[in-house]
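Reviewing the structure listed below.
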There are 2 protein chains.
Amino acid sequence: MNLKELAGILGLSQTTVSRALNGYPEVSEETRERVRLAAERHNYRPNHRAKSLATGRAMAIGHVIPISTKHEMVNPIFGDFIAGAGETYVKQGYEMVLTVVEDNKEDEAYRQIKSRGNVDGVVVHGPTLNDPRIALLNEIGLPFVVHGRSSGSNQRYSWVDVNNKRAFERATDFLLDLGHKRIALINGLENMDFAIRRRAGYETAMTKRGIEIDTSIMRSAEMTEIYGYRAAREILAADNAPTAFIVSSMICAIGVRRALSDLGLQMGKDVSIVTHDDMLSYLPNGDDVPIFTATRSSVREAGKRVSDMLIRCINGEIESSPTLLLEAELMVGQSTGPAPR
Amino acid sequence: MNLKELAGILGLSQTTVSRALNGYPEVSEETRERVRLAAERHNYRPNHRAKSLATGRAMAIGHVIPISTKHEMVNPIFGDFIAGAGETYVKQGYEMVLTVVEDNKEDEAYRQIKSRGNVDGVVVHGPTLNDPRIALLNEIGLPFVVHGRSSGSNQRYSWVDVNNKRAFERATDFLLDLGHKRIALINGLENMDFAIRRRAGYETAMTKRGIEIDTSIMRSAEMTEIYGYRAAREILAADNAPTAFIVSSMICAIGVRRALSDLGLQMGKDVSIVTHDDMLSYLPNGDDVPIFTATRSSVREAGKRVSDMLIRCINGEIESSPTLLLEAELMVGQSTGPAPR
DNA sequence: GCAAAACATCAAAGCGCTTTGGGGATGATT
DNA sequence: AATCATCCCCAAAGCGCTTTGATGTTTTGC
């Protein structure tokens, strides 16, 4: 059933039917109702492609997921982010189109997306230090919002980010207040912007208290459970082992916990852990009482915010480049306690 | 830059340019080359919407991700599955469009997808017992492939699935061979098809050895770490505690491991664990030596297979409803050992 | 009672592409 | 020289929708 047929059935022109269905005022309420009913009865639904060809609006948002050629990891937060964004899209009648791109072919990928014209804008995932995609997107004029920020970029752009620096500064302070002095940092890959900021937060807090930064108890890698485990084992085996860990993700923290348990150390007593918690739906941090003390910020919520902001930019509801900085909460759980002496 | 303009520049008709670019034989190689060069030089890329309107092919595959209204969990395998499917799509020039749908509005969602016409087919995720979507999709005539199967459905349909029953039967046998007699099952939600089959495999193996099924050491829920932990604590606290666990996901298994560690029990010695491992990229099961003994099957690979199968169905390269049953490997790791006496 | 304004509807053009149905050269065949 | 393929290429229709510019019909105001 297409517009032409429906118009035929109703004995109206396509123009009128189209206007009736799209809420234009040039059509009487009576006719509108008649059209609406007929549309429903005959199960008419406008063809999206034709519509977007005619309007020039794709009513779709693109998400480019970079698949690193080196480390083949899919970002575990992806599912929850998408779920959040999806909520917005459903409400606003948008679609979400995903493109998987190897990180060396990004340039071409974005240009293609632009000229193929089936999205109105894109969400940029996983920004790195001075991320080249931002300049690229500005250049080709495709609307976008970044989930995160890009340190070192002097471009103007929209973003939604968690205050990673503040979060980790607070986490560090929290441990320092508990009397910990040797605090290890198990961070994500430090070409990622979030990791850079978290490290900065950690270093700021340490430095403020006059504690020297010791890179021998700092690590940076893709955040798997194994990595957390390995890093913790190594660090705890060395002389002058730390009494606390700050960890960049729950999955890593689980690895650290396993290391403690292997060594017969009690979490929250012998060694404290603070982790960042993205509130992934499949990895809840306990229920009533958090297991880990954590800086907490919902990635699903971020997904909602990012997509919402992008749609509003596209609709011209916002001029200039809006930004949004979300604060992470510090949830005290069972994984921290006073420094042992 | 669009076709018309490019044709203008070249002094050719749109027809010729279109044919040259799409490899039709009605154009001389010389002209084709000239067109190709000009296209590249002027950065011409065909508009996808217009193309699909004209051809009737969207060159896109839909993925409907059900967001349960009750349990708000996003399936953790989603990211990796998508990454696998994405590889296929990139190669074949397809796009992936995601629709997030609340599980009670699925009917309307699929109809909408069909009539909006911007996908050529869909992948069905997370099939349940006698999943109504299968009949629906058959009815509305939208090509689809199911990732998994649907027990109890008498519909004809394409699917790609892991042999869950066999996998869990083997896992159970493996434990039985090690002398375990009390084996707990920590399963996923048993309205999901995969969970039903896994349970069947477990029960088959137990029954074959004349061991009675004891539902007091069987659990079924959404597979979180906490759930694994809780279930294990409960089950181990009861009389006649099992000496082994079969677990439906790595995340759960990690919870079970934590329970053991809390109770001072040694994994692989006091209590054995076999888990299913979807080979999620962010949750590798060790590296050289697997941590958990596991039935292993790559969900990313499944993503590739499913999408590939769907595209071939759409292209009419396969008649009837193809199916593919993948076998899981049983990887022996450090989490299993002979039953203690 | 009549011009002006307001209302309800339509025909047709256009979005950017593919594809059908020709048609003019060129060279080979009778 | 006339006929017939073969090659290249083109004009125009069509995909299903929106939107512009017009047209016919009422209603309103003085």
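The chains referred to below are lettered A, B, ... by the order of the sequence lines, with proteins before strands, and numbering in each begins at 1.
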Which atom pairs, one a donor and one an acceptor, fall under 3.5 Å between side chains of residues 140-150 of chain A and the rest of the protein, sequence neighbours left out?
unit_1: A/Arg149; atom_1: NE; unit_2: A/Asp161; atom_2: OD2; d: 3.0
unit_1: A/Arg149; atom_1: NH2; unit_2: A/Asp161; atom_2: OD2; d: 3.4
unit_1: A/Ser150; atom_1: OG; unit_2: A/Thr128; atom_2: O; d: 2.9
unit_1: A/Ser150; atom_1: OG; unit_2: A/Asn130; atom_2: N; d: 3.1
unit_1: A/Ser150; atom_1: OG; unit_2: A/Asp131; atom_2: N; d: 2.7

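Judged as a side chain to side chain contact (heavy atoms under 4.5 Å, CB included), and not counting sequence neighbours, the contacts of A/Gln155 are A/Ile134, A/Ala135, A/Asn138, A/Ser153, A/Tyr157. Evaluation of the salt bridge (charged side-chain N to carboxylate O under 4.0 Å, His left out) rule for B/Glu108 yields A/Arg45 as partners, not counting sequence neighbours. Every side chain to side chain contact (heavy atoms under 4.5 Å, CB included) that A/Ala38 has, sequence neighbours left out, goes to A/Leu6, A/Leu10, A/His42. Qualifying side chain to side chain contact (heavy atoms under 4.5 Å, CB included) partners for A/Ser18, counting only residues two or more places apart in sequence or in other chains: A/Leu3, A/Asn22. Evaluation of the salt bridge (charged side-chain N to carboxylate O under 4.0 Å, His left out) rule for B/Lys304 yields B/Glu87, B/Glu301 as partners, not counting sequence neighbours. Residues forming a side chain to side chain contact (heavy atoms under 4.5 Å, CB included) with B/Arg312 (at least two apart in sequence, or on another chain): B/Asp308, B/Glu317, B/Ile318.
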Pairs under 3.5 Å (N/O, protein and nucleotides 14-18 of chain D):
unit_1: D/dC15; atom_1: O2; unit_2: B/Ala54; atom_2: N; d: 3.4
unit_1: D/dG16; atom_1: N2; unit_2: A/Ala50; atom_2: O; d: 3.3
unit_1: D/dC17; atom_1: OP1; unit_2: A/Tyr44; atom_2: OH; d: 3.0
unit_1: D/dC17; atom_1: OP1; unit_2: A/Asn47; atom_2: N; d: 2.9
unit_1: D/dC17; atom_1: OP2; unit_2: A/Leu3; atom_2: N; d: 2.3
unit_1: D/dT18; atom_1: OP1; unit_2: A/Asn22; atom_2: ND2; d: 2.9
unit_1: D/dT18; atom_1: OP2; unit_2: A/Ser18; atom_2: OG; d: 2.5

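Fit an axis to the five pairs at each end of the helix from C/dG1-D/dC30 to C/dT30-D/dA1 and the two axes sit 50° apart, to the nearest 10 degrees.
Phosphate proximity of D/dC9 to B/Thr16: absent, as no side-chain N or O sits under 4.0 Å from OP1 or OP2. Considering only side-chain N and O atoms, A/Ser28 lies under 4.0 angstrom from the phosphate OP1 or OP2 of C/dT9.
Residue contacts for B/Ser52: at a heavy-atom cut-off of 4.0 Å it reaches no nucleic acid atom on any strand shown.
Per the geometry, CG belonging to A/Leu21 stands 16 Å off C1' belonging to D/dT19, to the nearest Å. The CZ-C1' distance, from A/Arg57 to D/dT19, rounds to 16 Å in whole Å. To the nearest angstrom, C1' of D/dC9 lies 15 Å from CD of B/Glu29.
Projected onto DNA chain C by closest heavy-atom contact, B/Glu26 and A/Pro25 fall at different nucleotides, the more 5' of which corresponds to A/Pro25.
For the pair A/Arg133 and A/Glu106, the minimum side-chain heavy-atom distance is below 4.5 Å.
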